Amino acid sequence: MGTIIKFPDGRTEEKKCVSMYHVSNGTDYVVFETDKKANENQIVGVSYKPQDSTLFSSPVNTDTDKAWDAAKKVLVDDIHDRKEEFTYVKPAEEILATENFMHELALREANYKKLEENYQGFLKAEEAKQTVVSPFEQPVPAPEATQVSEAPMPDIASSTTIPEPVPVAEVAPVFPADAPSVETPKDISTELANESVVNDNIINFPGVETVNTPLDVNPQSIEPQPIIENATPQDIPAVEPAPVVAEAPSVVEPSEKEPSIVSQSYIETANQLINQVREVTDKYIKNMEEMKDEIGRQLEEARKINGLAKQTFDNAQAMMNTQDPNSIKRDLTKVA
């Protein structure tokens with residue numbers, strides 16, 4: 001069952017509460033589930049209610065109130081188990097809210113499950129506290145000894161014949177002649193007079209049947225047992241119920257510390273810029289290498305042309321040196 005959101009005009013809307021917090025400064029935050037997703041990320045709605053307000057509304061940032069940053073900090077602290085500044089609270093069946101009461105936030109699937117598991121663990125612990133009753137809070141029934149001392153005991157008198165107490169001095173001669181002499185015990189009734197007296201100094205030992213032939217029993221072998229009369233609840237040990245252990249929520253610890261939402265956005269933007277710069281740099285280096293190869297090829301061709309020109313000049317010079325200058329003049333005259 002979800003939480004009923006009631007608007008100022010009387011309309012209502014039901015939302016599932018993913019988590020709810022109460023921060024030390026008096027502000028309440030509640031995270032609602034939505035049916036929206038973006039790139040496999042779960043979209044949730046975040047609402048908040050300051051200490052001096054009665055309506056939940058959408059947290060936004062202004063120059064004087066950084067409400068949205070504060071709301072995101074609470075969620076990040078919960079994801080990383082930093083719970084020093086907030087406590088979980090159970091939402092009421094109906095909460096009052098403004099028309100614009102949610103600020104949408106995209107959470108990765110792991111972070112969304114972490115918020116949900118933490119809050120479900122809190123709810124289960126609260127239910128366990130309500131089902132377990134402390135043994136000190138349980139009503140302690142009145143002890144039987146108190147009831148016996150207050151009510152008459154006709155059944156005991158009719159079913160069991162209690163002999164009159166016999167003084168110790170009269171019991172002594174009945175022992176056999178060869179019995180060792182024993183020291184006369186003290187009067188037990190005198191020692192127990194301050195603890196319990198029932199029906200004219202007749203002592204009823206709980207758990208010990210009345211013996212009709214006390215003469216065959218050595219008085220020293222009978223050890224007086226303490227009589228509990230008018231017992232108080234403190235004298236009766238209370239049976240403590242087996243403690244109910246709440247099932248702890250299964251929490252999958254992340255293998256590495258996850259960055260915050262804001263840090264993740266900055267890191268992704270920086271990675272994109274680095275990739276763009278790397279692409280431009282690689283392209284520039286490739287162009288420079290191609291230009292270097294082209295320049296080398298042109299220099300090699302120039303060197304070959306220069307060698308060929310020098311060779312042609314040397315051949316022409318050699319031919320000039322081998323011919324007769326006079327014949328050259330005659331040839332030139334004929335041509336003229």
Side-chain angles (χ1 to χ4, degrees), residues 1-127 130 249 258-266 268-269:
M1 181 177 180
T3 301
I4 303 299
I5 312 298
K6 187 173 183 180
F7 300 101
D9 58 359
R11 293 183 300 106
T12 59
E13 182 179 344
E14 186 174 353
K15 291 285 187 182
K16 178 184 176 182
C17 177
V18 178
S19 186
M20 188 171 183
Y21 316 92
H22 178 73
V23 185
S24 56
N25 61 4
T27 305
D28 292 334
Y29 295 93
V30 60
V31 181
F32 294 110
E33 182 186 59
T34 68
D35 55 357
K36 300 179 182 180
K37 282 192 174 183
N39 297 329
E40 301 301 328
N41 294 328
Q42 183 68 39
I43 304 297
V44 297
V46 182
S47 299
Y48 89 119
K49 180 174 71 68
Q51 184 177 8
D52 55 351
S53 177
T54 58
L55 300 178
F56 278 87
S57 60
S58 173
V60 296
N61 278 358
T62 62
D63 294 337
T64 58
D65 184 14
K66 301 296 182 181
W68 179 232
D69 288 342
K72 288 192 295 185
K73 182 181 183 301
V74 175
L75 269 64
V76 172
D77 289 345
D78 188 12
I79 291 172
H80 295 288
D81 294 327
R82 296 191 295 263
K83 305 176 182 179
E84 295 80 7
E85 297 184 3
F86 71 86
T87 56
Y88 297 111
V89 292
K90 297 178 63 176
E93 295 182 358
E94 180 180 282
I95 64 175
L96 303 178
T98 60
E99 293 293 336
N100 182 21
F101 70 100
M102 288 197 316
H103 190 115
E104 294 185 350
L105 174 66
L107 293 177
R108 288 192 295 175
E109 188 69 19
N111 293 337
Y112 177 79
K113 290 183 178 179
K114 188 68 167 65
L115 294 178
E116 192 175 28
E117 289 175 355
N118 287 351
Y119 192 64
Q120 291 300 321
F122 160 74
L123 295 179
K124 290 181 180 179
E126 289 297 313
E127 292 177 0
Q130 295 178 1
E258 299 179 354
S260 64
I261 300 172
V262 179
S263 300
Q264 184 69 19
S265 177
Y266 290 156
E268 292 177 355
T269 303

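Being a predicted model, the structure only gives us computed values, none of them experimental. Numbers here simply count residues along the sequence, with the first being 1.
Under the side-chain hydrogen bond (donor to acceptor under 3.5 Å, both in side chains) criterion, Q51 pairs with no residue at all, not counting sequence neighbours. Not counting sequence neighbours, the partners of V76 by the side-chain contact (heavy atoms from CB on, under 4.5 Å) test are H80, R82, S260. Every residue two or more places apart in sequence or in another chain that forms a salt bridge (charged side-chain N to carboxylate O under 4.0 Å, His left out) with D28 is listed here: K49. Annotation: salt bridge (charged side-chain N to carboxylate O under 4.0 Å, His left out) contacts of K37 (sequence neighbours excluded): none. Considering only residues two or more places apart in sequence or on other chains, T54 meets the side-chain contact (heavy atoms from CB on, under 4.5 Å) condition with none of them. Scored by the side-chain hydrogen bond (donor to acceptor under 3.5 Å, both in side chains) test, E268 finds Q264 as partners (sequence neighbours excluded). Residues that satisfy the side-chain hydrogen bond (donor to acceptor under 3.5 Å, both in side chains) test with N25, not counting sequence neighbours, are T27. In this structure Y112 satisfies the ring pair (Phe, Tyr, Trp, His ring centres under 6.0 Å) test with no other residue, sequence neighbours excluded. Looking at residues two or more places apart in sequence or on another chain, you find a salt bridge (charged side-chain N to carboxylate O under 4.0 Å, His left out) between E126 and K129.
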Listing, residues 38-45 side-chain donor-acceptor contacts under 3.5 Å, not counting sequence neighbours, or none:
from	atom 1	to	atom 2	distance (Å)
N41	ND2	A38	O	3.4
Q42	NE2	T34	O	3.1

Let me check something: any side-chain donor-acceptor pairs from residues 94-101 under 3.5 Å, sequence neighbours excluded? List them with distances.
from	atom 1	to	atom 2	distance (Å)
T98	OG1	F56	O	3.4
T98	OG1	N100	O	3.1
E99	OE1	R11	NH2	2.6
E99	OE2	R11	NH2	3.3

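Contacts classified as salt bridge (charged side-chain N to carboxylate O under 4.0 Å, His left out) and involving residues 51-60 (residues at least two apart or in different chains) are not found.
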